[in-house]
Amino acid sequence: MGWNSWNFFAGKVTDKDIRDTADLLVSTGMRDAGYVYVNIDDTWEGKRDAQGRIQSNEKFPDMKALADYVHSKGLKLGIYSSPGPQTCARFEGSLGHEQQDAQTYADWGIDYLKYDLCSYGTVMRQQAPNDLAAQNKLMRQAYELMHQAILKTGRPMVYSFCQYGMDAVWEWGPGVGANLWRTTGDISPNFDRMRIIGQGQAGLAKFAGPGHWNDPDMLEVGNGKLTLDENKVHMSLWAILAAPLIAGNNLTQMKPEIAAVLMNKEVVAIDQDPLGKQGDRVYAQGPIEIWAKPLSGGRKAVAIFNFDSYPTDTAGISTHLREMGFGTSASAHDVWAAKDLGKIKDDYSVALPSHGVQLLILGK
Ligand code: GLA
């Protein structure tokens with residue numbers, strides 16, 4: 001769990017934004033809720049010096065001092081690069097400098113690397129024209145090269161793959177060191193984009209587990225025009241997916257209701273449950289979908305979504321308790337309402353707003 005600069009600040013991020021964010025992660029309680037990684041995304045990179053050593057640019061005058069500051073707050077610092085010659089925003093990538101860059105990050109005190117394919121896609125196509133299998137092999141080798149480079153520094157770093165889910169990365173990513181891997185192209189602060197990404201995670205649960213996670217991309221909670229209900233849908237779905245919770249909002253302007261969504265203790269606990277099992281879709285009928293995630297203690301987190309732009313109720317739609325491992329009834333707790341509902345049966349129904357969710361914890 002943490003925060004990343006891209007979704008809100010994109011190319012404008014500065015050293016000051018990172019320091020302000022670090023301060024706010026502490027003062028808002030987000031750090032103590034679990035958001036400990038502060039990740040600088042693309043556009044920090046400067047030129048290489050005469051020895052080929054990567055420099056940060058004028059927006060980040062002293063990366064080591066920044067890392068010291070972030071660490072002094074009880075937080076960890078993440079950085080970003082690409083296996084290609086250039087990053088996605090056309091800054092300097094790591095191609096040909098992998099060991100040197102990993103060592104520079106280690107010297108600075110970096111704890112997390114997001115490694116974004118970007119221009120390496122062009123390298124792959126140039127080196128193996130019209131041969132997808134050979135291109136994919138080059139991609140795996142490039143990710144393994146940086147994996148080995150990080151290991152060689154001796155400094156532990158979370159290794160985050162960003163190649164948009166190409167070549168079923170969930171099958172091979174963990175074998176070349178991925179702690180998390182993007183399963184999708186970029187998210188945006190738009191309900192339908194978020195929904196499509198979330199729904200696209202169906203079937204991926206078996207590939208995730210402690211230390212190696214599917215990453216449906218960083219949170220847009222609090223960004224753009226997402227309504228409070230939409231933010232709750234986003235947060236609920238990511239929690240069911242055991243997704244890395246990497247906030248992406250501007251903490252200097254965070255509204256109390258957004259802080260409450262990001263820091264809802266029960267939702268965070270669903271995401272971070274010690275069983276480490278990702279959830280999956282149980283049932284869909286048009287815009288109504290039921291997703292469930294196994295939790296410790298024989299419980300299940302169950303989200304009933306209304307993806308429609310109209311309010312609805314779920315009368316006539318079975319809650320599918322048996323498919324979720326319960327008998328004819330289960331005890332239910334409504335997470336967002338913070339309310340026990342007593343025993344429910346398959347005929348349980350709920351009124352949901354447009355783009356709304358009810359998130360339940362079910363027990364025997
Ligand atoms: C890609 C990634 C994004 C972000 C940008 C930065 O699009 O998928 O998450 O890192 O690059 O340029």
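We count ligands from 1, going down the list as the structure has it; atoms in each ligand are counted the same way.
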Using distance alone, decide if ligand 1 has a nitrogen or oxygen within less than 3.5 Å of any nitrogen or oxygen in W6. no

R182 heavy atoms, cut-off 4.0 Å: which ligand 1 atoms fall inside? 8 (O), 9 (O)

If you measure every N or O of Y164 against every N or O of ligand 1, does any of those distances drop under 3.5 Å? no

Show your reasoning for whether ring-ring contact (aromatic ring centres under 6.0 Å, His included) applies to F161 and Y115. CA-CA 5 Å; F161 286 24; Y115 209 42; 8.0 Å; no

Within ligand 1, which atoms have a heavy atom of C162 less than 4.0 Å away? 2 (C), 8 (O)

Please write down residue, atom name and distance for the protein heavy atom closest to atom 4 (C) of ligand 1. D41 OD1, 3.4 Å

Which residue holds the protein heavy atom closest to atom 11 (O) of ligand 1, what is that atom called, and what is the gap in Å? D116 OD2, 2.9 Å

Taking 4.0 Å as the limit for heavy-atom contacts, which would you say applies to C118 with ligand 1: side chain only, backbone only, both, or neither? neither

Quick check: K114 and ligand 1, any N/O pair under 3.5 Å apart? yes

Of the non-hydrogen atoms in V261 and N231, which two are nearest, and what is the gap between them? CG1-O, 4.0 Å

Taking the six-membered ring for Trp, are F191 and F307 parallel (under 30°), tilted (30 to 60°) or perpendicular (over 60°)? tilted

Does the ring centre of W44 sit less than 6.0 Å away from the ring centre of W108? yes

Candidates T43, T184, D42, I187; heavy atom nearest atom 6 (C) of ligand 1 found on D42

Check if T87 has a non-hydrogen atom at a distance under 4.0 Å from any atom of ligand 1. no

Can you tell me if D313 and S349 form a side-chain donor-acceptor pair at under 3.5 Å? no

Which residue supplies the protein heavy atom nearest to atom 8 (O) of ligand 1, what is that atom called, and how far is it? D186 OD1, 2.5 Å

Whether the Q103 and Y105 side chains hold a donor-acceptor pair (N or O, under 3.5 Å, no angle test) is what I'd like checked. no

Taking the six-membered ring of Y164 as reference, does the cationic atom of R182 (NZ for Lys, CZ for Arg) lie under 6.0 Å from its centre and within 45° of its axis? no

Take Q86 and E92 through the side-chain hydrogen bond (donor to acceptor under 3.5 Å, both in side chains) test and state the conclusion after the steps. CA-CA 5 Å; Q86 287 190 326; E92 184 76 17; over 6 Å; no

